[in-house]
There are 2 protein chains.
Amino acid sequence: MPAANDCIEMLDSETKAVETPEDHADELRLWLRLLTCTTLIEGEVRGRLRQRFDVTLPRFDLMAQLDKAADGMTLSDVSKRMMVSNGNVTGLVERLVESGHLDRRTSETDRRVQVIRLTKLGRAEFRRMASEHETWIADLFADLTPKDVRELMRLLAKTKASAQKSAGRRRP
Amino acid sequence: MPAANDCIEMLDSETKAVETPEDHADELRLWLRLLTCTTLIEGEVRGRLRQRFDVTLPRFDLMAQLDKAADGMTLSDVSKRMMVSNGNVTGLVERLVESGHLDRRTSETDRRVQVIRLTKLGRAEFRRMASEHETWIADLFADLTPKDVRELMRLLAKTKASAQKSAGRRRP
DNA sequence: GGAAAACATTTTAGGCTTAAAACAATTTGG
DNA sequence: CCAAATTGTTTTAAGCCTAAAATGTTTTCC
């Protein structure tokens, strides 16, 4: 094979318009590790919530969103914050209203909008759960030093930004 | 209130048998950020798999496990690797056998065990999808430097170990 | 003002997921 | 050897979740 060919390939690789299959194994491994960590912790939290409080993780997450919003939230807000589909929120809210944890009313100014809030019961139960939940999380991350935590925060912020940019390129 | 009380509290805090509510806000924020990153990327991959190949993420994940195992795997193995429940795998496999992607047979040596493998079709389709999938992941992580990737790998390994230890303390 | 676009939510259909119980087969320890 | 424990899988009941279509409401903009 003539040497000229190698030159062309090298030029290609420098201009980033490459034919040769690039190696993305590292990123793939990173993604799998990220997924493993999340799945592991999520499963642990899910199990503890069920055992200790007989509540599901999605219900807890939804209540967590509402606890931060004194004036309530619309279903769309919740859906965006939780990064789940609208229909998912509809069902989740239905069950939490049914069990007396949420209050739901149609907005006065826009009849399309449903505003939901924690009831007194819902807030009390959530606070009780959240306090214990926080200690579980601390325990799960216990072997990380404060520096590790800072560094992870920084790198995950960068990861999030990168992923959002990439997602945005596809669906602008 | 007498000053002696403060001394006792301080001793407690040093011996780690503490009454005062410790601040775990950082770990909580870290956990939420980790979850956000994973959800974001997972949703993006899920959408692309559906649009591009009309396949669900769980099916893809299951096939990915089998692609690495030339001699097939038992349902239990798959269940552990994917970190999902046994019943979940049963249903997933059922549908993939139905669609011709998987082959399933009872083990010769232990009639409790089901061994599953990719069919020729399953392997071909998976390889086709996996190659594109790898470029998506690379793109989603594109803004991370090689050093960022290494550092994240290291910190996530530490996180995983910490979480496993904590989970093990509860369920030994 | 009114048609068209945009928005918020619900519905639908199908698949995913879990925890727990049930079932079947094998291994273990008297 | 055989009862008891363990292991691998399936079943069950309930809930979670998504994408896409449908419904009702508000805004936009001609």
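As a basis for the values below, the full set of heavy atoms in this structure was taken, side chains included, without hydrogen atoms, waters or symmetry mates. Just so it is clear: chains get the letters A, B, ... in the order the sequence lines come, proteins before strands, and each one is counted from 1.
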Side-chain polar contacts of residues 80-93 of chain B - donor-acceptor pairs under 3.5 angstrom, sequence neighbours left out - could you list them?
unit_1: B/Ser85; atom_1: OG; unit_2: B/Asn88; atom_2: N; d: 3.3
unit_1: B/Asn86; atom_1: OD1; unit_2: B/Ser79; atom_2: OG; d: 2.9
unit_1: B/Thr90; atom_1: OG1; unit_2: B/Asn86; atom_2: O; d: 3.4

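Where A/Lys80 and A/Gly47 meet DNA chain C, the nucleotide closest to each residue was compared, and A/Lys80 sits on the side nearer the 5' end. Of the two residues near DNA chain D, A/Thr109 and A/Met83, the one whose nearest nucleotide lies more 5' is A/Met83. If B/Val84 and A/Gly91 are placed on DNA chain C by their nearest nucleotide, the residue sitting closer to the 5' end is A/Gly91. Comparing A/Asp110 and A/Ser85 against DNA chain D, the residue whose closest nucleotide sits nearer the 5' end is A/Ser85.
With sequence neighbours excluded, the residues that form a side chain to side chain contact (heavy atoms under 4.5 Å, CB included) with A/Gln114 are A/Leu75, A/Arg104, A/Thr106. By the side-chain hydrogen bond (donor to acceptor under 3.5 Å, both in side chains) test, A/Arg112 pairs with A/Asp110, sequence neighbours left out. Looking at residues two or more places apart in sequence or on another chain, you find a salt bridge (charged side-chain N to carboxylate O under 4.0 Å, His left out) between B/Asp139 and A/Arg169. Take B/Arg127 and apply the salt bridge (charged side-chain N to carboxylate O under 4.0 Å, His left out) test, not counting sequence neighbours, and it matches B/Asp67. Partners of A/Asp148 by salt bridge (charged side-chain N to carboxylate O under 4.0 Å, His left out), not counting sequence neighbours, listed by chain and number: B/Lys158. Remark: A/Glu94 pairs with no residue by the salt bridge (charged side-chain N to carboxylate O under 4.0 Å, His left out) rule, at least two apart or across chains.
Of the candidates C/dA19, C/dA8, C/dC16, C/dC16 carries the atom nearest the B/Leu92 side chain, counting heavy atoms from C-beta on. Closest to the side chain of A/Arg104, out of C/dA25, C/dT10, C/dT18, is C/dT10.
Applying the 4.0 Å criterion to OP1 and OP2 of C/dT18, one finds that B/Asn88 has a side-chain N or O inside that range. In this structure, A/Ser76 reaches the C/dT9 phosphate: one of its side-chain N or O atoms is under 4.0 Å from OP1 or OP2.
Between A/Glu42 and A/Arg46 there is a salt bridge, since at least one side-chain N of the basic residue sits less than 4.0 Å from a carboxylate O of the acidic one.
We find that CE of A/Met73 is positioned 11 Å from P of C/dT9, with the value rounded to whole Å. A straight line from CZ of A/Arg112 to P of C/dA5 spans 16 Å, rounded to a whole angstrom. C/dA19 atom C1' lies 16 Å from atom CD of A/Glu42, rounded to whole Å.
Taking CG of B/Leu102 as the reference point, atom CZ of B/Arg59 lies at 10.5 Å (rounded to 0.5 Å).
Legend: ring pair (Phe, Tyr, Trp, His ring centres under 6.0 Å) pairs involving residues 35-74 of chain A, not counting sequence neighbours, sorted by first then second residue: A/Phe60-A/Phe126, A/Phe60-A/His133.
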What pairs of nitrogen or oxygen atoms, one from the protein and one from nucleotides 20-23 of chain C, lie under 3.5 Å apart?
none

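Taking every nucleotide of DNA chain D with any atom under 4.0 Å from a non-hydrogen atom of chain A, the first and last of them, 5' to 3', are D/dG15 to D/dT26.
Other residues sharing the hydrophobic cluster of B/Leu40, ordered by chain and number and joined by side-chain separations under 4.5 Å: none, the residue standing alone.
No engagement by A/Ser79 is indicated, since no non-hydrogen atom pair under 4.0 Å with the nucleic acid exists.
Within residues 54-64 of chain B, the residues approaching DNA chain C are B/Thr56, B/Pro58, B/Arg59, by heavy-atom distance under 4.0 Å.
Residue A/Val45 comes nearest to A/Trp136 through the heavy atom pair O-CZ3, 4.3 Å, listed as atom of the first residue, atom of the second, then distance.
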